[in-house]
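Below is one structure, written out as C-alpha cells; comments come after it.
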2 protein chains.
Amino acid sequence: MAGEVRETRPLRADARRNAEQLLAAARDVVVERGAGAPLDEIARRAGVGIATLYRRFPDRSALLRAVVLDALERTARAAAAALSEETDGFAALVRYMHAALDARVSAVIPLVLDILDPADDDLQSAREASAGLVQRVVDEAHADGSLPADVTFGDIGTLLVRLSRPLPGPVPPALDEELAHRHLDLLVEGLRPSPGRRAPGGPRLERADLRGLQEEARP
Amino acid sequence: MAGEVRETRPLRADARRNAEQLLAAARDVVVERGAGAPLDEIARRAGVGIATLYRRFPDRSALLRAVVLDALERTARAAAAALSEETDGFAALVRYMHAALDARVSAVIPLVLDILDPADDDLQSAREASAGLVQRVVDEAHADGSLPADVTFGDIGTLLVRLSRPLPGPVPPALDEELAHRHLDLLVEGLRPSPGRRAPGGPRLERADLRGLQEEARP
DNA sequence: CTCCAAGCGGAGAACGATCCTCCGGTTGTC
DNA sequence: GACAACCGGAGGATCGTTCTCCGCTTGGAG
C-alpha cells in the first residue's frame, strides 16, 4: 500500500486493516466533500475511532499525501496494464479510462494536489511516473491513427476528472458509478475518428500546459 | 429577474443592481463550493456588504430559492429558443446544451434543489415548465432520427451537470469555460448517429426516473 | 439644489462545527 | 497467559459562520 507513514516494524494485523480502511474512506470523502472534509467523517466512514486516524496520520496533510500516492500508483498500474495487454491504441486508451474511473483517481488528485508540498520527492516521482505512462497511452493511440490529433493529453485528463466526480444530488453511489461508465461510453464514440467528425473548438492542452497551470497558481 | 423576495414598490436603482449581483455571485459561489457556501463570500464576491445580502434575502434558503428560480427560467428560455430557431432536432439539442453550459444552470440545480421546500408552488411550476421544454428538445431529436434512441433525457441532463461543474484545481475561470464547451463538442460527436456506433451500457434514465430519485431521498 | 427615506457597510457577540489530546479498556501475538 | 500494541470516544480549545445593530452614504422627487 502506498503512502505508509513510517517503515518501522510492521503494524499489527488490525492496525494495518484500519489504515487501509482509512485510506479508502479518505479517498471517498475527499472526492465527495473536498480537501477540507471533516476528519471525523473519514474516521466514521472507515469504521474507526477518530484517535486511530490521528495515530496513523499525524495531520491532515499526511493523510492526503497518502491518498494521493495511492491514487497515483493506481493510475500508473492501470496505464501500464492497458499498454501491455491491448494491441490497438484506442482500445488501450478506453480501457485505461474505464479503469481510472473505477479507481476514482482523477477526482481526488486535483482536489488535493495543491495542498501538498510541491518539493516532496516521493510525490514528484509518483506523479512523473504516472503521467508518463498515461502520456504513452495517448501517444500510442495518436501514432495508431486511432485517436485524432486534436484530442490531447489534457483532454483525456480533464475529461476523466469530469466523469470521475460523483454527481451532486440524490444519486445513490451504485447508480452514479454505472452512469459514469455509461457516459464514458458515449464520450468515447466522439473521440473515435470517423468520416464526418467535426473538430472540437477551444484550447488543446498538453501535459506541459497542465503543469504550467499548477506552477502559476503557486505564488 | 426571477425570485424577487417581495412585489412591493420597486427597489431603488442601486438596490436592484445589488440584488442582481448577489444572485449572480450566489450562483457562482454555490457552483464552486456547494449549497453550504459561506454567505460572507457571496456578499464579498458581489461587491456588497453582508448586511445587504441579509436585507434582500432573509435567510439562506430564500437566496437559494431565488437562484434556482433564475436558473430554471434561463434553461427554459434556452430550450424555447433552440426549439423555435433551429430546424434540425440535433442542432437544436446541441444549441440548447451550449446555452445551458453558459448559464451554469445545470450545476446549480442539483446542488440546491434538495434543500428547498418541495411543496413550493413557484418552484414546482418553474421546474415543470423548464423540464417540459427540455423534454421536447430531446423528443424532437429522437423523432428526427438525429439522436439515437438509447440516449435519454436523463443522459442529457446528467451530462450537462458533469460539463457545467467547474474543474477542481488551479484552472482559471475563462479557461474552464472554454474547456467545458470543447468537451461538449467532443461529446456531441459521440451522441450523433453513425454507422459503426456502439451502444452505451448502463441505465437509461428518463425524466420520471430522475424525479423518482429525488422523491426517494425525502423520507 | 436640497432633503430625507431608502439603502449601505462592517464590527463583533453568539453560535456551531471541527480539531486533537488523553486515558481507561480491548485485542493480537509470542 | 501476559504484555505490548492498539483502540474508542469524551470533551476542552480553537476556528469559521451567522446575523444583528447602528452610524454613515446616496438616489431621486420636488
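Because only heavy atoms are used, hydrogens play no part in the values below, and waters and symmetry mates are left out as well, while side chains stay in. Everything numeric in this text was worked out from a predicted model, so none of it was measured. Below, chain A is the first sequence line, B the second, and so on; all start at residue 1.
- Taking a 6.0 Å sphere around CZ of Arg136(B), one finds it holds 12 or fewer heavy atoms contributed by other residues, nucleotides or ligands.
- Comparing Ala37(B) and Arg17(B), the nucleotide of DNA chain D nearest to each residue sits closer to the 5' end for Ala37(B).
- Evaluation of the side chain to side chain donor-acceptor pair (under 3.5 Å) rule for Glu189(A) yields Arg192(A) as partners, not counting sequence neighbours.
- Side-chain proximity of Tyr54(A) to dG10(C), dC19(C), dG27(D): nearest is dC19(C).
- Side chain of Asp209(A) to main chain of Glu206(A): a donor-acceptor pair is present (N/O by atom type, distance under 3.5 Å, no hydrogens or angles).
- Put simply, Arg55(A) has a side-chain N or O that comes within less than 4.0 Å of OP1 or OP2 on dC7(D).
- Spacing between atom CG of Leu63(B) and atom P of dT18(D) amounts to 11 Å, rounded to whole angstrom units.
- For the OP1/OP2 pair of dC7(D) and a distance below 4.0 Å, the side-chain nitrogens and oxygens of Asn18(A) include at least one atom meeting the criterion.
- Nearest to the side chain of Ala13(B), among dT17(D), dG8(D), dG27(D), sits dG27(D).
- At whole-Å resolution of the value, CG in Asp14(B) and P in dG27(D) are 6 Å apart.
- Rounded to whole angstrom, the span from the CG atom of Leu39(A) across to the P atom of dG8(D) amounts to 15 Å.
- With Arg162(A) contributing its side chain and Arg165(B) its backbone, the two residues share a donor-acceptor pair below 3.5 Å.
- When the P atom of dA17(C) is taken as reference, atom CZ of Arg33(A) falls 12 Å away, rounded to whole Å.
- Distance CG (Leu22(B)) to C1' (dG7(C)): 13 Å, rounded to an integer number of Å.
- Put simply, Arg12(B) has no side-chain N or O that comes within less than 4.0 Å of OP1 or OP2 on dG28(D).
- A straight line from CG of Leu11(A) to P of dT27(C) spans 19 Å, rounded to a whole angstrom.
- Residue side chain Arg44(B) does not reach the base of dG10(C) through any donor-acceptor N/O pair under 3.5 Å, judged by distance alone.
- In plain terms, the two heavy atoms of Pro172(B) and Pro170(B) that are nearest each other are CD-O, 3.6 Å.
- With dT20(D), dG9(C), dG8(D) as the choices, the nucleotide that has an atom nearest any side-chain atom of Val48(B) turns out to be dG9(C).
- Gly47(A) comes within 4.0 angstrom of sugar-phosphate atoms only, judged by non-hydrogen atoms across all strands, and of no base.
- A straight line from CZ of Phe57(A) to P of dC7(D) spans 11 Å, rounded to a whole angstrom.
- At the heavy-atom level, Ala51(A) lies under 4.0 Å from base atoms of the strands shown.
- Asp40(B) comes within 4.0 angstrom of a base, heavy atoms only.
- Proximity of Arg56(A) to the phosphate of dC7(D): a side-chain N or O atom is located under 4.0 Å from OP1 or OP2.
- At whole-Å resolution of the value, CD1 in Ile50(B) and C1' in dG12(C) are 13 Å apart.
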